[in-house]
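Heavy atoms only: backbone and side chains are in, while hydrogens, waters and symmetry mates are out. This structure is a prediction, so every number in the text was calculated from the model and none was measured.
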Amino acid sequence: MLNKPVYQGSRWFGHLCAGTAMFFWNTSYLSTKVLLEDFTPMELSFFRFLLAYPLLWLIAPRSIPFRGWKKELPLMGLGITGVTAYYFFQNTALTLTTVSNVGVLMSVCGLIIAVLNRAFYKERTFTPTFVAGCLMALAGAVVVTLETSGAMDFRPAGDLMALGGALSWAFYSVLNRKVGAEGYPEIALIRRTFFWGIVWMLPILPFTEFRIGAERFLRPDNLLCFAHLVLFCSMFCYILWNMAVRNLGILTTGLYIYAGPAMAVLISVVILHEPMTAVSAAGILLILAGSLFAGKKRSEEEPVSP
């Protein structure tokens, strides 16, 4: 088990990073839906991170030196859980079920993170108060989704894929805490994560309908959607999420996952000028109350990464 780090950064900065990351990630579903009309789930994942990797190198060319396979294994784990498996499950789910279902089922991730954190780190942060708050926030996410989508259309295959995505991201978050204690440069760590994510995809590609299909990238809508996914939802959001974990810890950061459906409603109200219904407002209040309840005394109890 890792020792508790002695450094704690700005919690306000951590909250800003987590909230901003969740905002952009919750706009990614629409771009992904558009691209899945021309790309298979594995093609989309592969090209997305293949394009992001060299851009991260241009921003920060400093690399993490290879220090033996024992040190490299956790980095490989970040790649397979946070990139290969997560986006395979998420993108496949979006072809088999609704965006609303994926958003709600991904909200379960916060509770899974808490369970894994308790299992691996043996900390007493997994309390009845925390569980009750998570369930309250999850109920709020369901209420908001039912109000905005009319009903949840249960589709077992796609819904199971969405749960697989939640499980993958939970493992990524818990492993990210361990790797964060090594003190790697943040952007170099994300670039290494993307590298291993791409490597893990390579043996899968021959078994999928993979093709280059360069003409697909030249279509204006596909080009804009790729720019959105690569620049904001991959590069920018991974950096922000890792910074949030370093400053808040994985449990507090994980609570932001519940905010997805609420953010979708607020975006539609502010940008599209759609009306805010009483039911949606009640669901958002449930999410906020549950998150605050689950996060009670979290700042004093939960260790953060240096």
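- Taking the ring centroids of Phe210 and Phe46, they lie under the 6.0 Å cut-off.
- Among pairs with a residue in residues 203-213, those fulfilling side-chain hydrogen bond (donor to acceptor under 3.5 Å, both in side chains) read Arg211-Glu215, at least two apart in sequence or across chains.
- Cluster annotation: Leu205 and Ile212 are assigned to the same hydrophobic cluster (Ile/Leu/Val/Met/Phe/Trp/Tyr, side-chain heavy-atom contacts under 4.5 Å, transitive).
- Pairs engaging residues 93-109 under the salt bridge (Lys or Arg N to Asp or Glu O under 4.0 Å) rule: none recorded [sequence neighbours left out].
- Listed by chain and number, the residues in a ring-ring contact (aromatic ring centres under 6.0 Å, His included) with Phe217 are Phe39, Phe47, Phe226 (sequence neighbours excluded).
- The hydrophobic clustering, which links ILVMFWY residues whose side-chain heavy atoms are closer than 4.5 Å, places Val83 and Ile187 together.
- Considering only residues two or more places apart in sequence or on other chains, Thr92 meets the side-chain hydrogen bond (donor to acceptor under 3.5 Å, both in side chains) condition with none of them.
- Screening residues 46-67 for salt bridge (Lys or Arg N to Asp or Glu O under 4.0 Å), with sequence neighbours left out, gives Arg67-Glu182.
- A distance-only check finds a donor-acceptor pair linking the side chain of Asn247 to the backbone of Met243 [under 3.5 Å].
- With sequence neighbours left out, the side-chain hydrogen bond (donor to acceptor under 3.5 Å, both in side chains) criterion links Thr84 to no other residue.
- Residues in residues 27-46 take part in these salt bridge (Lys or Arg N to Asp or Glu O under 4.0 Å) pairs, two or more places apart or across chains: Asp38-Arg219, Glu43-Arg216.
- A search for ring-ring contact (aromatic ring centres under 6.0 Å, His included) contacts involving Phe194 returns Phe49, Tyr238, not counting sequence neighbours.
- Every residue meeting the side-chain contact (heavy atoms from CB on, under 4.5 Å) condition with Val174, not counting sequence neighbours, appears here in chain and number order: Leu116, Phe120, Tyr121, Ile250.
- Phe66 is linked by a ring-ring contact (aromatic ring centres under 6.0 Å, His included) to Trp69, counting only residues two or more places apart in sequence or in another chain.
- Listed by first and then second residue, the side-chain hydrogen bond (donor to acceptor under 3.5 Å, both in side chains) pairs involving residues 190-202 are Ser63-Arg191, Glu72-Arg192, Glu72-Trp196 (not counting sequence neighbours).
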Point to revise | Trace of the side chain to side chain contact (heavy atoms under 4.5 Å, CB included) decision for Leu75 with Tyr184 | key: CA-CA 11 Å; Leu75 301 176; Tyr184 294 123; 4.0 Å; yes
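- Ser28 and His228 share no donor-acceptor pair across their side chains, judged by distance under 3.5 Å alone.
- Contacts of Phe232 classified as ring-ring contact (aromatic ring centres under 6.0 Å, His included), with partners at least two apart in sequence or in another chain: Phe24.
- Taken together through direct or relayed side-chain contacts under 4.5 Å among Ile, Leu, Val, Met, Phe, Trp and Tyr, Phe13 and Met22 form part of one hydrophobic cluster.
- Nearest heavy-atom pair, Ala85 versus Ser168, reported as atom, atom and distance to 0.1 Å: CB-OG, 3.6 Å.
- In terms of modelled atom types and a separation under 3.5 Å, the side chain of Ser234 and the main chain of Ala52 share no donor-acceptor contact.
- Residues Asn91 and Ser45 have side chains that bring a donor and an acceptor to within less than 3.5 angstrom of each other.
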